[in-house]
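Just so we're clear, the structure is a prediction, and the values are computed from it rather than from any experiment.
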Amino acid sequence: MYSLARLKKLLWFDAIAATVAATGIFFLKDLMQPYLGLPSALLSGMGFTALVFALYGFHLLMRKITSKRWIQILIYGNATYAIFCLVLSLYFLFKIPWIGIVYLWIDTAIVGTLSYIEWKTTKHFF
């Protein structure tokens, strides 16, 4: 059920999803910002964070998976980012349009779920 191949697939999904998120934010930030209501600088920071996650994910894929610690960094980073997005959604709850809140909740759900699945998968290997 839990295999190294599954972990690799999760890491590929995580890295590609982060790449898509970063690219989307960087190219569509000016178009999205009025609808989301989030500050432009915050969107840029979120895009940069997604880019860092993407690069780290690809870094993990290029090296031989031998250390739980390297993967734990990604898992804890994803969990921290999910909590950050959730806190942002609470902070902006009545300050931005509902679509901005939904965007933050979706970001929270995707990244938090990835963190949880990666955690469950890696605890069976090491």
Side-chain angles (χ1 to χ4, degrees):
M1 180 176 197
Y2 294 100
S3 67
L4 186 58
R6 181 177 179 182
L7 179 60
K8 283 271 200 185
K9 287 179 185 177
L10 282 169
L11 293 175
W12 273 109
F13 182 82
D14 196 339
I16 291 169
T19 302
V20 169
T23 304
I25 291 173
F26 287 137
F27 286 113
L28 301 174
K29 178 182 67 167
D30 293 333
L31 180 67
M32 294 176 358
Q33 195 278 329
Y35 297 105
L36 298 178
L38 295 168
S40 184
L42 178 62
L43 286 172
S44 294
M46 292 172 79
F48 179 75
T49 302
L51 179 62
V52 170
F53 276 106
L55 292 172
Y56 187 72
F58 286 121
H59 164 75
L60 287 177
L61 287 163
M62 296 303 131
R63 57 183 283 127
K64 190 174 182 180
I65 297 176
T66 57
S67 172
K68 184 177 182 178
R69 180 158 304 208
W70 285 100
I71 297 171
Q72 282 179 329
I73 292 169
L74 179 68
I75 293 168
Y76 295 141
N78 280 342
T80 302
Y81 186 74
I83 292 167
F84 173 74
C85 288
L86 183 61
V87 169
L88 277 178
S89 73
L90 296 174
Y91 175 78
F92 285 114
L93 190 57
F94 299 108
K95 299 174 184 173
I96 63 173
W98 66 270
I99 196 160
I101 299 300
V102 170
Y103 170 79
L104 291 170
W105 286 345
I106 290 171
D107 213 0
T108 299
I110 291 170
V111 177
T113 301
L114 265 173
S115 177
Y116 176 73
I117 293 170
E118 289 165 349
W119 172 73
K120 289 290 280 183
T121 303
T122 57
K123 76 181 214 175
H124 293 280
F125 289 116
F126 304 100

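Put simply, the side chain of Thr19 reaches to within 4.5 Å of the side chain of Phe58, judged on heavy atoms. Counting heavy atoms from C-beta outward, His59 and Leu74 have side chains that stay 4.5 Å or more apart.
Minimum interatomic distance between Ala22 and Gly47 (heavy atoms only, all atoms of both residues): CB-O, 3.5 Å. Between Ser44 and Lys29, the shortest heavy-atom distance links the atoms OG-NZ, 2.8 Å. Annotation for Ala15 and Leu61: closest pair CB-CD1, 4.3 Å, computed over non-hydrogen atoms. Closest approach of Gly37 and Pro97 over heavy atoms only: CA-CD, 3.8 Å. Shown here for Ala21 and Ala50, the closest heavy-atom pair between the two residues is CB-CB, 4.2 Å.
Summarising the geometry, atom CG belonging to Leu51 is positioned 10.5 Å from atom CD1 belonging to Ile25; distances are rounded to the nearest 0.5 Å. For the atom pair OG1 of Thr113 and CD of Glu118, the computed distance is 10.5 Å after rounding to the nearest 0.5 Å. A distance of 7.0 Å separates CD in Gln72 from CZ in Arg69, rounded to the nearest 0.5 Å. To the nearest 0.5 angstrom, Leu88 atom CG is 10.5 Å from Tyr103 atom OH. Atom CD1 of Ile96 sits about 10.5 Å away from atom OH of Tyr91, to the nearest 0.5 Å. Put simply, CG on Leu104 and CE on Met46 are 5.0 Å apart, with the number rounded to the nearest 0.5 Å.
Checked options Thr80, Asp14, Ile75; the residue passing with Ser115 is Ile75 (criterion: side-chain contact (heavy atoms from CB on, under 4.5 Å)).
Note on Leu60 and Leu55: separate hydrophobic clusters, where clusters join Ile, Leu, Val, Met, Phe, Trp and Tyr whose side-chain heavy atoms are under 4.5 Å apart, directly or indirectly. Residues Leu38 and Leu93 share a hydrophobic cluster, clusters being chains of Ile/Leu/Val/Met/Phe/Trp/Tyr side chains in contact below 4.5 Å. In terms of hydrophobic clustering, with Ile, Leu, Val, Met, Phe, Trp and Tyr side chains grouped at heavy-atom distances under 4.5 Å, Trp105 and Tyr81 are assigned to a common cluster. Side-chain heavy atoms closer than 4.5 Å link hydrophobic residues (I, L, V, M, F, W, Y) into clusters, and following such links, even through other members, never connects Val52 to Trp70. Tracing side-chain contacts under 4.5 Å through hydrophobic residues (I, L, V, M, F, W, Y), one reaches Ile16 starting from Ile71; they form part of the same cluster.
Judged by the 6.0 Å distance and 45° axis criteria, Lys8 is not positioned over the aromatic ring of Trp12.
Within the structure, no pair that satisfies the ring pair (Phe, Tyr, Trp, His ring centres under 6.0 Å) test touches residues 17-40, not counting sequence neighbours.
Using a 3.5 Å distance cut-off with no hydrogens or angles, the side chains of Lys68 and Thr122 do not pair a donor with an acceptor.
Under the 4.5 angstrom side-chain criterion for Ile, Leu, Val, Met, Phe, Trp and Tyr, the cluster partners of Ile83 are Val87.
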